[in-house]
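As structure tokens, the structure follows; a few thoughts come after it.
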Amino acid sequence: MNAVYGSGYGDIIPFELWWDRLITDDEYDPGLIVVATAGETPVGFCHGWSEPFVKDIVVAPECRRRGLGRAMLAMLLQDYRDRGAPHADLKVDMKNLAAQALYRNLGFEIIEQVG
């Protein structure tokens with residue numbers, strides 16, 4: 001995530017601090033994590049909170065535009081559907097046009113713009 005967020009769409013914090021914050025959050029659910037790998041190297045990560053909210057989705061720059069983000073997000077959304085959720089929410093930087101296109105393609109709609 002740091003490699004992706006370092007390109008301008010998120011905060012970079014040490015893994016240990018991030019992981020501790022994640023797993024101690026009341027909304028954390030280990031069943032809502034999708035990790036994509038190339039061999040043993042993580043190249044994509046998507047996770048959501050127990051409430052249907054997509055917390056993070058990142059794909060390594062060298063692996064983008066291959067459908068990896070779409071596949072991970074589709075898996076997470078299916079998990080939410082299987083749990084009976086009628087919808088899922090997320091936040092996206094308004095400058096991140098590629099992510100917005102992906103979300104629209106999967107049926108997301110803008111309900112609020114902040115800033």
Side-chain angles (χ1 to χ4, degrees):
M1 284 183 33
N2 283 350
V4 173
Y5 283 167
S7 65
Y9 293 117
D11 297 324
I12 299 174
I13 61 174
F15 174 79
E16 294 78 13
L17 180 59
W18 173 83
W19 184 251
D20 187 56
R21 287 181 185 172
L22 174 71
I23 64 174
T24 59
D25 193 289
D26 291 340
E27 293 289 318
Y28 171 70
D29 183 335
L32 296 171
I33 294 176
V34 179
V35 178
T37 60
E40 294 184 19
T41 304
V43 294
F45 178 79
C46 179
H47 75 105
W49 292 134
S50 56
E51 287 294 316
F53 185 87
V54 179
K55 172 68 174 113
D56 288 295
I57 179 169
V58 295
V59 175
E62 66 275 12
C63 296
R64 292 183 186 155
R65 300 207 144 318
R66 299 181 191 172
L68 187 55
R70 179 183 178 81
M72 290 189 304
L73 186 52
M75 291 175 70
L76 180 61
L77 295 175
Q78 185 61 54
D79 285 342
Y80 283 136
R81 279 191 293 277
D82 292 347
R83 294 172 180 221
H87 68 276
D89 296 319
L90 56 78
K91 293 181 186 177
V92 62
D93 188 306
M94 292 305 296
K95 297 175 197 161
N96 192 342
L97 301 179
Q100 289 179 51
L102 168 64
Y103 303 147
R104 276 193 305 276
N105 187 267
L106 286 169
F108 283 89
E109 299 174 4
I110 296 174
I111 58 169
E112 180 181 7
Q113 290 185 2
V114 179

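Both backbone and side-chain heavy atoms feed into the values below; hydrogens, waters and symmetry mates do not.
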Checklist entry - Can you name the nearest heavy-atom pair linking Glu62 to Arg66, along with the distance? => result O-NH2, 2.8 Å
Checklist outcome for this item: Correct closest heavy-atom pair for Leu76 and Gly48 would be CD2-N, 3.8 Å
Next on the checklist: What's the separation between atom CG in Asp29 and atom CG in Leu22, rounded to the nearest 0.5 Å?
Outcome noted: 10.5 Å
Next on the checklist: So Asp25 and Lys55, do their side chains get closer than 4.5 Å, heavy atoms only?
Outcome noted: no
Checklist entry - Which atoms form the tightest heavy-atom contact between Trp49 and Leu32, and what is the distance? => result O-CD1, 3.2 Å
Item to check | ILVMFWY cluster, Val35 and Ile23 together (side-chain gap under 4.5 Å) | outcome: yes
Checklist entry - Out of curiosity, Asp79 CG to Arg83 CZ, how far, rounded to the nearest 0.5 Å? => result 6.5 Å
Checklist entry - Hey, what do you get for OH (Tyr103) to CG (Leu90), rounding to the nearest 0.5 Å? => result 5.5 Å
Checklist entry - CG/Leu77 to CG/Asp82 distance, rounded to the nearest 0.5 angstrom? => result 11.0 Å
Checklist entry - Once you round to the nearest 0.5 Å, how far does CG of Asp89 lie from NE2 of His87? => result 4.0 Å
Item to check | Backbone of Val92 reached by a side-chain donor or acceptor of Gln100 within 3.5 Å | outcome: no
Item to check | Asp26 atom CG, neighbour heavy-atom count above 12 within 6.0 Å | outcome: no
Item to check | Distance-minimising heavy-atom pair for Tyr80 and Phe53 | outcome: OH-O, 3.1 Å
Checklist entry - What's the shortest heavy-atom distance between Gly69 and Ile57, and which atoms? => result O-CD1, 3.4 Å
Checklist entry - Shortest non-hydrogen contact from Ala74 to Arg81? => result O-NH2, 4.3 Å
Checklist entry - Can you find a heavy atom in the side chain of Leu68 that is under 4.5 Å from one in the side chain of Arg64? => result no
Next on the checklist: Tell me whether the rings of Phe45 and His47 are parallel (<30°), tilted (30 to 60°) or perpendicular (>60°).
Outcome noted: tilted
Checklist entry - Is a side-chain donor or acceptor of Arg70 paired with a backbone partner of Leu102 at a separation under 3.5 angstrom? => result no
Checklist entry - Would you find more than 12 non-hydrogen atoms of other residues, nucleotides or ligands less than 6.0 Å from Gln78 atom CD? => result yes
Next on the checklist: Hydrophobic clustering (ILVMFWY, side-chain heavy atoms < 4.5 Å, transitive) - are Met94 and Phe108 grouped together?
Outcome noted: no
